[in-house]
Chemist: 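Below is the structure I would like to discuss, written out as structure tokens.
In what follows, every heavy atom counts, from backbone to side chain, and hydrogens, waters and symmetry copies are set aside.
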Amino acid sequence: MPIRSVMMAEKCSALSTYAYCVFCATGQEETTSALLSLLTGAVAFSPRLTCHICQEKHWIDREYLLLPGYVFLFSRQKLPVASILHTPEVISILHYGDHQYELKGQDAEFAQFFYQYGGTIGKSKAVRDGMHIRVLEGPLKHLCDHICAVNKQRRRAKVMLRFNGHARFVWLAFDWLDKV
């Protein structure tokens, strides 16, 4: 796991939270996250995925932004929405018809899923069990009911995640382990 993800996981585990989703200029996610964290004291990150890619016959891991232009904020207390909106590069904050800015329902579950992994969904560990795959640990273990497809050769599983009222299909990486 990259150092950034380890540090983020340590920060995340220390908070009980209110969750927010901020829209910012695409390409400014890291800057916006750092600035919002500094201004509000909240944990801020843009959700990322670790993927396997084959490069020159070797598997390497690479991190990618899952939702360009989105930053999640987590805080122990409610955050002042007006000060967030006046932050450079912030375009808007996801809110519901009742002017509630804290994430709720499936949106809160989606954000919480990334929060528990420190903002980055890394690789899971799996074993072959006859014709099936058994996930032993990692994010896929919690998403077994949402796995739509598996590419054994590329070591990826396609899962469905719901956020902001839309289903998103994402390929998550896993490593093969020897028999347990």
Side-chain angles (χ1 to χ4, degrees), residues 1-13 17 19-37 42-74 87-94 103 106-126 133 135-177:
M1 182 184 293
I3 292 175
R4 176 190 158 286
S5 298
V6 171
M7 290 172 33
M8 185 69 70
E10 289 171 0
K11 281 184 182 179
C12 287
S13 65
T17 62
Y20 302 84
C21 179
V22 174
F23 303 108
C24 69
T26 303
Q28 296 300 311
E29 298 86 1
E30 290 299 317
T31 303
T32 303
S33 295
L35 188 55
L36 286 170
S37 185
V43 171
F45 61 80
S46 189
R48 297 175 169 277
L49 295 174
T50 300
C51 294
H52 290 305
I53 60 170
C54 189
Q55 195 170 32
E56 298 177 13
K57 298 183 181 182
H58 297 290
W59 288 100
I60 61 169
D61 295 336
R62 186 147 302 147
E63 271 190 17
Y64 293 96
L65 281 175
L66 174 63
L67 301 169
Y70 287 74
V71 173
F72 289 125
L73 290 169
F74 297 89
T87 305
E89 306 299 341
V90 170
I91 297 168
S92 66
I93 302 174
L94 176 69
L103 295 178
Q106 289 180 330
D107 295 340
E109 289 173 18
F110 179 83
Q112 190 66 37
F113 179 68
F114 278 88
Y115 179 81
Q116 79 184 45
Y117 288 102
T120 301
I121 301 302
K123 296 183 292 185
S124 294
K125 297 190 184 324
I133 294 173
V135 180
L136 301 176
E137 63 182 66
L140 283 174
K141 186 169 179 97
H142 306 289
L143 294 172
C144 283
D145 295 341
H146 302 282
I147 295 175
C148 306
V150 174
N151 184 326
K152 293 179 184 177
Q153 183 180 7
R154 291 186 177 221
R155 300 180 294 172
R156 295 182 189 170
K158 184 179 183 182
V159 297
M160 181 182 67
L161 301 174
R162 291 194 174 278
F163 177 68
N164 200 13
H166 302 286
R168 300 183 192 286
F169 293 94
V170 179
W171 287 94
L172 299 181
F174 62 88
D175 279 332
W176 289 118
L177 296 178

Chemist: Check whether any side-chain heavy atom of Thr120 sits under 4.5 Å from a side-chain heavy atom of Phe45, and report yes or no.
Modeler: no
Chemist: Looking at every non-hydrogen atom in both residues, tell me the closest pair between Ala44 and Ser33 and how far apart they are.
Modeler: CB-O, 3.4 Å
Chemist: Give, for atom CZ of Arg48 and atom CD1 of Ile121, the distance between the pair rounded to the nearest 0.5 Å.
Modeler: 12.5 Å
Chemist: Any idea which heavy atoms bring Tyr70 and Ser46 closest together, and the distance?
Modeler: O-OG, 2.7 Å
Chemist: So how far is it from Cys24 SG to Glu30 CD, rounded to the nearest 0.5 Å?
Modeler: 9.5 Å
Chemist: Sort out for me which residue in Val43, Ile93, Leu36, Leu103 forms a side-chain contact (heavy atoms from CB on, under 4.5 Å) with Leu73.
Modeler: Leu36
Chemist: State, yes or no, whether a side-chain contact exists between Tyr20 and Leu94 at a heavy-atom distance under 4.5 Å.
Modeler: no
Chemist: Taking the side chain from Glu63 and the backbone from Leu49, do they hold a donor-acceptor pair closer than 3.5 Å?
Modeler: no
Chemist: Under 30°, 30 to 60°, or over 60°: which ring-plane class applies to Phe72 and Phe74, parallel, tilted or perpendicular?
Modeler: tilted
Chemist: Can you check whether Asp107 reaches Cys21 side chain to side chain, under 4.5 Å on heavy atoms?
Modeler: no
Chemist: Judged by atom type as modelled, is there a donor-acceptor pair below 3.5 Å linking the side chain of Ser37 to the main-chain atoms of Ala42?
Modeler: yes
Chemist: side-chain contact (heavy atoms from CB on, under 4.5 Å) for Phe110 and Leu67? Distances and angles first, verdict last.
Modeler: CA-CA 12 Å; Phe110 179 83; Leu67 301 169; 3.7 Å; yes
